[in-house]
2 protein chains.
Amino acid sequence: MAPNRPTIKDVAALAGVSKSLVSLAMRGSDRVSAESRAAIIEAATQLGYRPNAAARSLADRRSHTLGVVVLDLLNPIYAEIIDGVQGEVRQHGYHTMLVTGNDNPVIEQGEVEKLLEFQVEGLVLIGHRMPAGSLDAIAGDCPAVVISRAERGIAGLDSISNDDVFGARIAVDHLVSLGHQSIAHVTGGINEVAMLRTLGYEQSMANHRLADQTACYDGAFTDEGGYRGAAAALDSGRGHTALFVANDIAAVGALAAVADRGLDVPADISIVGYDGMALAGLRSLSITTIAQPLARIGTEGASLLFLRIGDPTRPPAHIGVEPRLIIRNSSGPCRP
Amino acid sequence: MAPNRPTIKDVAALAGVSKSLVSLAMRGSDRVSAESRAAIIEAATQLGYRPNAAARSLADRRSHTLGVVVLDLLNPIYAEIIDGVQGEVRQHGYHTMLVTGNDNPVIEQGEVEKLLEFQVEGLVLIGHRMPAGSLDAIAGDCPAVVISRAERGIAGLDSISNDDVFGARIAVDHLVSLGHQSIAHVTGGINEVAMLRTLGYEQSMANHRLADQTACYDGAFTDEGGYRGAAAALDSGRGHTALFVANDIAAVGALAAVADRGLDVPADISIVGYDGMALAGLRSLSITTIAQPLARIGTEGASLLFLRIGDPTRPPAHIGVEPRLIIRNSSGPCRP
DNA sequence: CGAAAGTGTTGGAACGTTCCAACAAATCGT
DNA sequence: ACGATTTGTTGGAACGTTCCAACACTTTCG
């Protein structure tokens, strides 16, 4: 390890020019003569010079960095969204600081605070758990975008999400079109997204004049939760022939509950999940699902943020993306 | 958005003290009188003061930040490792910059370069794809640790990984103890980890005097690859009764190949995977696997890095962690 | 041919912190 | 009662960059 990292000054000395000129050359200005440029590059590579981002960000008061806060890395759908975000960010020549909230509002707040200290120029919140108040405060301080939840009317805050109510409706529509009537719903617990999906389920059931068949069973956005909810549905004695499960991970659990009871999917029970995580498509799962365009949500979310960075006063925008049905092997016709 | 972020100077002016004192107070020094401290805190909260990390890192020449480079966020095992790393890093009061290499060596290099510009104090490389040369160069520049690959004898570079050869051996041992003899191996492609697992497979087969039964089929660390390799094994006509698949994701694919041929797991074919990703334990997959202690690998890798940051000249260390067999429903006795 | 308009280049002042030597005031020990 | 210590506090010099006004030299052109 060198005793001291070389600075722009060392490069200037070695190349026999002023530090200002080195600064210009490093940033590729065209006002530098060919010879100077050559000498500078030569000196820089010889010394192993690397610009100091902290100094740079202090001097020009721009960090060229965005903060990304993700609820929880373990849910694979977030990884897919992040990939989208990162791609867009790279295109704009920005850099990313990615942190997780570990599904814990306190940690999440702390991490956001840290990011702001690093002078990030914008914040991407993927599936946050923050109270409206703090969200308000953050958006007042720094351009921000919320991904996968709809936030409306908060100044300085954009959002992008799929329409969960609509998605849940087409899930039920699909099952109805296969002839199912006794369609149960395994919920995703107490959170905004889960509730919207439940709402869509109820709406669609009512639309098809199946309101009296409506049946919700408590679940969660986990394997365990899906198993539990599905088990309750199957053991209810109400003769459900199909399950709409709140998300794909839970649908995997539901699959197991069905198998445990010696029943077959889709011959005896049809299952539809939600999210469109890559995993649900794996051959041995092959779960019919309502897919969100995850990568696109990431890229469009990021570009929404860049728009706001460009004009911080623009009115808050919300983008709704359409989820779409992907039919796989977990759903089939209702046996008469 | 405030026209200008308040600085330490503004706080000092409002509190009626010097900026030096504010600096001391903000860092919780005990050489500040109670009254001054109160006045400073009052002023800081009133102004909404937030320290500028760039300035701080410039002034005291420490960024309190670590860089984490992960091969690819989409493989869930990395997410589990990262969780471990983040926990440890938080404990030390450090911050994390997480970037992905998108499974692309060029991007990976670029991201590492960026992290070094940010003056990260250490680098965690999770499953990198870099040539030995660049690794060497990086380690010479900045303390670093490699996770999930064994690197030995590179100055300034520690590593932690599970013993893939040993793990593969116990996978085969398990199958042999169930009475299997014709045990095929679906490989993980051309990379160090995959080759070590293949080596362990061959060793164990030889130990059990089954060298003549050895059969490797080309696969990859993906669903697709596992399906392909397993299909080749099953269609080979060699009557394999068990498959040792290079990792869990590929094992999921293998499961499908078996099902497609109308065979049953584990009645007709036993399958053992590798990695111990949470997903493999989901009820409807329930894959027997060789589990790595993923979170522990993360935390211990991080603490290895902190040791090196504390003493950059210590000799390179490698920690080997033991993988362990988790028996689930994808493996069973060989039918006579 | 002399003023105007480029072309390269430069030193110094920011940027917002931390560190350090210096100091004033209060407390101490003898 | 007086130097020595302790307790708070301070201004200024770093840290490594970017920006700006100013420069010395061409070149252009009316």
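What's counted below: heavy atoms across the whole structure, side chains too, no hydrogens, waters or symmetry copies. In what follows, chains carry the letters A, B, and so on, assigned in the order in which the sequence lines appear, proteins first and then strands, with residues in each chain numbered from 1. Computed from a predicted model, the values in this text were never measured in an experiment.
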Partner residues of [X] under the salt bridge (charged side-chain N to carboxylate O under 4.0 Å, His left out) criterion, sequence neighbours left out:
X      : answer
B:E42  : none
A:R90  : B:E111
B:E108 : none
B:E121 : B:R62

Could you pick out which residue, B:A55 or B:S20, lies toward the 5' side of DNA chain D when each is mapped onto its nearest nucleotide?
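Here B:S20 is the residue nearer the 5' end.
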
Specify the residue among B:E35 and B:A59 whose closest nucleotide of DNA chain D lies further upstream toward the 5′ end.
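With B:E35 and B:A59 compared, the 5'-side residue is B:E35.
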
Determine all donor-acceptor pairs shorter than 3.5 Å in which one atom belongs to a side chain in residues 22-32 of chain A; sequence neighbours excluded.
| unit_1 | atom_1 | unit_2 | atom_2 | d |
| --- | --- | --- | --- | --- |
| A:S23 | OG | A:R27 | NH2 | 2.8 |
| A:R27 | NE | A:S23 | O | 3.2 |
| A:S29 | OG | A:R31 | N | 3.0 |

Between B:R314 and B:D158, is the salt bridge (Lys or Arg N to Asp or Glu O under 4.0 Å) condition met? List the steps.
CA-CA 10 Å; B:R314 69 198 287 277; B:D158 303 306; 3.7 Å; yes

At under 4.0 Å between heavy atoms, what does A:K19 touch on the DNA or RNA strands: base, sugar-phosphate, or nothing?
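It contacts base atoms.
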
Mind checking if B:S33 touches a base, just sugar-phosphate, or nothing, with heavy atoms under 4.0 Å?
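Since only primed, P, OP1 and OP2 atoms lie under 4.0 Å of B:S33, the category is sugar-phosphate.
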
Contact residues, residues 22-31 of chain B to DNA chain D [heavy atom, < 4.0 Å]
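B:R31 - these, ordered by number, are the residues of the stretch whose heavy atoms sit under 4.0 Å from the strand.
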
Step-by-step side chain to side chain donor-acceptor pair (under 3.5 Å) determination, A:H95 to A:T65
CA-CA 5 Å; A:H95 205 249; A:T65 300; 5.0 Å; no

Using a 3.5 Å limit on both distances, find every run of at least three consecutive Watson-Crick or G-U pairs that involves DNA chain D.
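Output for stems: C:1-30 with D:1-30.
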
Under 3.5 Å side-chain donor-acceptor pair for A:N52 and B:E117:
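No pair is found: no donor N or O on one side chain lies under 3.5 Å from an acceptor on the other.
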
Can you see whether A:D311 engages A:T313 through a side-chain donor-acceptor pair at a distance of less than 3.5 angstrom?
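The criterion, which ignores hydrogens and geometry beyond distance, is satisfied for A:T313 and A:D311.
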
Listed once per pair and sorted, the salt bridge (Lys or Arg N to Asp or Glu O under 4.0 Å) pairs that draw on residues 94-107 of chain A, sequence neighbours left out:
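Only A:D103-A:R129 qualify under salt bridge (Lys or Arg N to Asp or Glu O under 4.0 Å).
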
Restricting to pairs with a member in residues 76-85 of chain B, which pass salt bridge (Lys or Arg N to Asp or Glu O under 4.0 Å), not counting sequence neighbours?
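Non-adjacent pairs meeting salt bridge (Lys or Arg N to Asp or Glu O under 4.0 Å): zero.
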
Please identify each residue that fulfils side-chain contact (heavy atoms from CB on, under 4.5 Å) with B:H92, with sequence neighbours left out.
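Checked B:H92 against side-chain contact (heavy atoms from CB on, under 4.5 Å); matches are B:E88, B:Y94, B:F306.
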
Could you check which residues of residues 36-45 of chain B get a heavy atom under 4.0 Å from DNA chain C? Sort them by number, please.
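Per residue number, the list is empty: none.
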
First-last contacting nucleotides on DNA chain C - partner chain B, under 4.0 angstrom, heavy atom
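The footprint of chain B covers C:dG16 to C:dC19.
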
A:R149 bridged to A:E151 by N-O distance under 4.0 Å
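A:E151 and A:R149: salt-bridged.
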
